[in-house]
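Let me begin by presenting the structure, written as structure tokens, before commenting on it.
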Amino acid sequence: MPFPPRPGSVIPGPRTEKGTPMDKTFQPAEAEARIARLWEEAGAFRAGANARPGAQPFSIVIPPPNVTGSLHMGHAFNNTLQDVLARWHRMRGDDVLWQPGQDHAGIATQMVVERELARQGNEGRRELGRARFLQKVWEWKEKSGGTIIEQLKRLGASCDWSRNAFTMDPHFQRAVLEVFVRFYEEGLIYRGKRLVNWDPHFETAISDLEVENREVHGHMWHFKYPLAGGETYTYTERDADGNVTFEEVRDYISIATTRPETMLGDGAVAVHPSDARYAPIVGQLCEIPVGPKAHRRLIPIITDEYPDPNFGSGAVKITGAHDFNDYAVAQRNGIPLYTLMDTKARMRSDGLSYEQSARIASGLARLRVVPKDEELFQINLVPDDMRGLDRLEARRLVVSQIESEGLAVMAPSADGPVPFVESKTIMQPFGDRSNVVIEPMLTDQWFVDTAKIVGPAIEAVRTGATQILPERDAKTYFHWLENIEPWCISRQLWWGHQIPVWYGFDLHRGAFRDETGDDALNEIELGDLLLQDDFVGAEPRRECAVDFAAVSTRFADSLAELPHPLDHARVVEVTDARAAEEAFAQGLADYNLTQDPTKLVYPVWRDPDVLDTWFSSGLWPLGTLGWPNETEEFRKYYPTSVLVTGFDIIFFWVARMMMMDLALVGEVPFRTVYVHALVRDEKGKKMSKSLGNVLDPLDLIDEFGADAVRFTLAAMAAMGRDLRLSTQRIAGYRNFGTKLWNAHRFAEMNGVFQAPRAPGVPQATAPVNRWIIGETARVREEVDAALDSYRFDGAANALHAFVWGVVCDWYVEFSKPLLQGEDAALKAETQAVMAWVLDQCLILMHPFMPFITEDLWQSTAQRPTLLAHADWPLYRAQDLVDPGAESEMRWAISLIEGVRSARAQLNVPAGLTVPMVMTEADPAARQALARNAALIQRLARIEAPTEGAAPRGSLTVATPGATFALPLEGLIDIRAEIARMTKGADKAAKEAAALRGRLANPRFVESAAEEVVEEARENLALREAEEAQLRAALARLSELV
RNA sequence: GGGCGAUUAACUCAGUGGUAGAGUGCUUCCUUCACACGGAAGAAGUCGGGGGUUCGAAUCCCUCAUCGCCCA
């Protein structure tokens, strides 16, 4: 349904005060705000605005910026492209929805609010507690969370702002939790203890995509792990031919490490199965050379494919709880995982004493058994003197202890043997938000079993149900999805969607004894229950549902299986397991006193973690359209037409939306994904705050106007290539806007906008008018074709070439003698055509430069609609191009250029109007000259042409089919003219020779396309004629010297 | 180490088999009645090197070099 303009909306209409010319330039600062208000008051961007009856839907969901975000160049680029598409489709009458919104950015927002609290001297997050902290976050969001929305409006983004969405909106929250519950019930989500990337600053798990690996300077230490019981073996190295190059008897195995502090948690030493050097000692135990001597721990020497025999000593220590590679080795070989660090990445000080821990661990190594997680976690292998230390302090201590014990591998030096420590660059993981070193950490987390939902996402792109552009980015997509890892979706944060899982004590596991067998518990039996605590420490029972009401029903159902009176316990929610313990005990005690079963409570507590922000963002195309409700918007606009996004987000977001949304609704979230590259500075460097090379789009908008910034970004958007932005380029396109503006200023001064307007393409008789109408049709087709294939640069460049290079440079100039001439009919026709051409410029330019075009549109005529709702033209070049007019105007241009070039090169004064003699001409040239004499005379600055022989010492200008002479004897240097014409003749001769050669080749004539051969023949004829004209003129000139 | 890409005018980049293009910059001239955020004219490229396919290659293939990005 077309969206009606709001009654009373103010469209200013044409400028009324005649006699005051337009300003010489467009004033963006003033106009942009005014135009934006105009659009807003008209509701110009509401979903379906300007849609034709029965229109095709066209929908885009914005890649939601962080609620903490402010507009950077990447946003400006991304949203410019979306806006070009949205405006283009809206003008074409499609049913357009550009859905805006923001995501809640778990870590970033929590960080911002915590920083704000600290700056204001308020209580910190932990002092406030969860509920009050979240209150503060919401307050912050209300106050500061809309920044980027206002900034996007300044860019001119034509989103339906009335539908602005947020991933923490009540509706969206509900959708997220329902999806979690559904995935949980379908077995797509599981909880487990896994090694994850741990951010010690934020004390949360993060995704491996949020980890940035950087090369940093580091060290590689080489240590000796003594064999248990003083065993020895012969260590032998051989060259490629098997000759022994080194041999010695050793009582140790040499290990290299960049992280000595993790040695404390080693579970094994691994060597490659093919490594002959260590074959004699595989299966033996060796000693970790650190920790109190009395409690040295022994670990087995195992084989695994992971160690590279050619790297270091070929033997690798396995610390399964602190390294991803080691984790995999430990899993394969049943090696226990010993956690050494706490959530702040300090050496642990909880759990059992070092002495107890070391004893248990040694026993485990000897028996090769792995206990259950909870028991394993009690083992703390950090020696007493290192507990609580930062991991780097612990590293120094470990190294110095090993060295002083003489267990470092030694290397010779000028001062005798010294410990062998290599300096080398190592890859180290950093948190992309916190900038601290990330630790692999063994923790309980929730995971999406991505392997189960990845198939349709791969298939959709393979079959083309979703098209990724440029195509090469589909490879990245496939590569990632085909090697997909389980997705850790829990975060140890407060701001976000709290996981809808509640825990309660597992009373089913025989924690009580119904000794009387009467299916009810007597007082003694209940007393036993109270005293026992094995159910408290054990794995709790859990239920998943969208809210407490739903989950309490489930718990109640399971309680019903228990003996009386527990089956009547009331399910209540408490904060955590400890509170649950107290509440449960209190309930039992109260019951004991009163025998009132309603006093019994069954306390449950909710999982404190929240979901990864990308989990909710994965539902963006669904949730913003109202899903899971059956909304009209969802029916109409899903799947969305196109997603425009940066390449850096293919894994984070695009792939996850594809997986999740296909799993949920069985239909792709978008038909096309247009992946754009990065905006860099003019030297090609990534813009970053630390480099100080950031261009702020708002500063640029202030300086050059939003239109210039947008046009620059669009013109540089060659698919898949980074763009290097320079202010010079933006200034160039600001000038382009001014050029368009001044073409209108010229038109206004020449009465173009006062002339009566007829709908449709104007009828024209003058060649110049017929020609420009055809050129307009050509550029319309070019722009549409470019936008159809997402060639934003192609469309922008075509418009630039047309508006400046054709309309302003030629048509406006051509029109001058007609508009200012005597022929009233011709004048009226030219006014009508110019009015139409300029309107077409505004329409076609509008998606790229919305403000200046809307302003001109409103000020140059009484318009029935906003330009944003103007009809996009459909006329075709095949209908509007007049080949006769076109060749006539091309000929006129070539004559004007020939005259100008000759004059300039021979230093004929620019202001001088000179005579011109036509020395020869075919009928076509005669006609072209006759019909366009006025404009040719004016632009070439010549008098009315005469016909005759070339006067002595004149300049020669050759055009196709005609030769002209400018009699300027005495004014010009004959030698210079001879040189100029010789150069021209030689060039024509050279080109003709090349064409002749090609046409002389029978294989060219046989195999090349017919039109190519024909074109070559025509070109040859033209070049030969041109050469002949110039040579003839040269012959005359040479008589003069 | 694996993958992807780039290399075209001084600079930034278009250009998917048929005469090398644009913008900016540069040189000269012009304050001419739309615009100096302008106009006119001009100089400027062995399309990274080498090989191949083809009547014909910046374009397709191979190879080398250099530089980026992503992943380990």
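In what follows, chains carry the letters A, B, and so on, assigned in the order in which the sequence lines appear, proteins first and then strands, with residues in each chain numbered from 1.
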Would you mind pulling out the nucleotide paired to [N], Watson-Crick or G-U wobble, both distances under 3.5 Å?
N      : result
A6(B)  : U66(B)
G18(B) : C55(B)
G45(B) : none
C33(B) : none

> Between the main-chain N or O of Ala989(A) and the side-chain N or O of Arg1023(A), is there a donor-acceptor pair closer than 3.5 Å?
Replying inline: no

>> Using a 3.5 Å distance criterion without hydrogens, assess whether the side chain of Gln1029(A) forms a donor-acceptor pair with backbone atoms of Thr959(A).
In response: yes

Rounded to the Å, how far apart are [X] [atom1] and [N] [atom2]?
X         : N      : atom1 : atom2 : result
Leu971(A) : C29(B) : CG    : P     : 18 Å
His479(A) : G3(B)  : NE2   : P     : 10 Å
Leu838(A) : A34(B) : CG    : C1'   : 11 Å
Leu740(A) : G38(B) : CG    : C1'   : 15 Å
Ile852(A) : C35(B) : CD1   : C1'   : 12 Å
Asn907(A) : C30(B) : CG    : P     : 10 Å
Asp809(A) : G39(B) : CG    : P     : 6 Å
Lys24(A)  : C37(B) : NZ    : P     : 10 Å

Roughly how far apart, to the nearest Å, are [N] and [M] at atom [atom1]?
N      : M      : atom1 : value
A43(B) : C29(B) : C1'   : 15 Å
A40(B) : U31(B) : P     : 16 Å
A20(B) : A58(B) : C1'   : 8 Å
C47(B) : A57(B) : C1'   : 11 Å
G5(B)  : A9(B)  : P     : 22 Å
G48(B) : U16(B) : P     : 15 Å

> With the threshold set at 4.0 Å, does a side-chain nitrogen-carboxylate oxygen contact exist between Glu977(A) and Arg980(A)?
Replying inline: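 A salt bridge is present here (some side-chain N lies under 4.0 Å from a carboxylate O).
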
I want to check one thing: is the phosphate of [N], taken as OP1 and OP2, less than 4.0 Å away from some side-chain N or O of [X]?
X         : N      : answer
Ser901(A) : G42(B) : yes
Trp804(A) : G39(B) : yes
Arg745(A) : C35(B) : yes

> Which residue lies toward the 5' end of RNA chain B, Glu991(A) or Lys475(A), if each is placed at its nearest nucleotide?
Replying inline: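 Closest to the 5' end, via its nearest nucleotide, is Lys475(A).
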
> Toward the 5' end of RNA chain B, which comes first, Asn742(A) or Arg734(A), by nearest nucleotide?
Replying inline: Asn742(A)

>> Classify Ala1008(A) by what it touches in the nucleic acid, base, sugar-phosphate, or nothing, heavy-atom distance under 4.0 Å.
In response: base

Which nucleotide in [options] has an atom nearest any side-chain atom of [X]:
X          : options                : answer
Arg729(A)  : G18(B), A34(B), G23(B) : G23(B)
Arg1003(A) : A14(B), U54(B), G18(B) : U54(B)
Lys983(A)  : A43(B), U24(B), U19(B) : A43(B)
Val1012(A) : U12(B), G18(B), U19(B) : G18(B)
Arg941(A)  : U19(B), G23(B), U32(B) : U32(B)
Asn1001(A) : C55(B), G38(B), U12(B) : C55(B)

>> Assess the residue pair Arg734(A) and Glu703(A) against the criterion (salt bridge (charged side-chain N to carboxylate O under 4.0 Å, His left out)); give the C-alpha distance rounded to whole Å, side-chain angles, the decisive distance to 0.1 Å, and a yes or no.
In response: CA-CA 10 Å; Arg734(A) 185 262 330 261; Glu703(A) 186 174 359; over 6 Å; no

> If we ignore angles and hydrogens, is there a donor and acceptor under 3.5 Å between the side chains of Gln831(A) and Asn750(A)?
Replying inline: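 No.
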
> What side-chain hydrogen bond (donor to acceptor under 3.5 Å, both in side chains) pairs are there with at least one residue in residues 792-814 of chain A, not counting sequence neighbours?
Replying inline: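 For residues 792-814 of chain A: Asn769(A)-Tyr811(A), Glu813(A)-Lys816(A).
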
>> Walk me through whether Phe792(A) and Tyr674(A) qualify under ring-ring contact (aromatic ring centres under 6.0 Å, His included).
In response: CA-CA 11 Å; Phe792(A) 297 95; Tyr674(A) 174 88; 5.4 Å; yes

> Under 3.5 Å, is there an N or O donor on one side and an acceptor on the other linking the side chain of Glu897(A) and the base of A40(B)?
Replying inline: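 There is none.
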
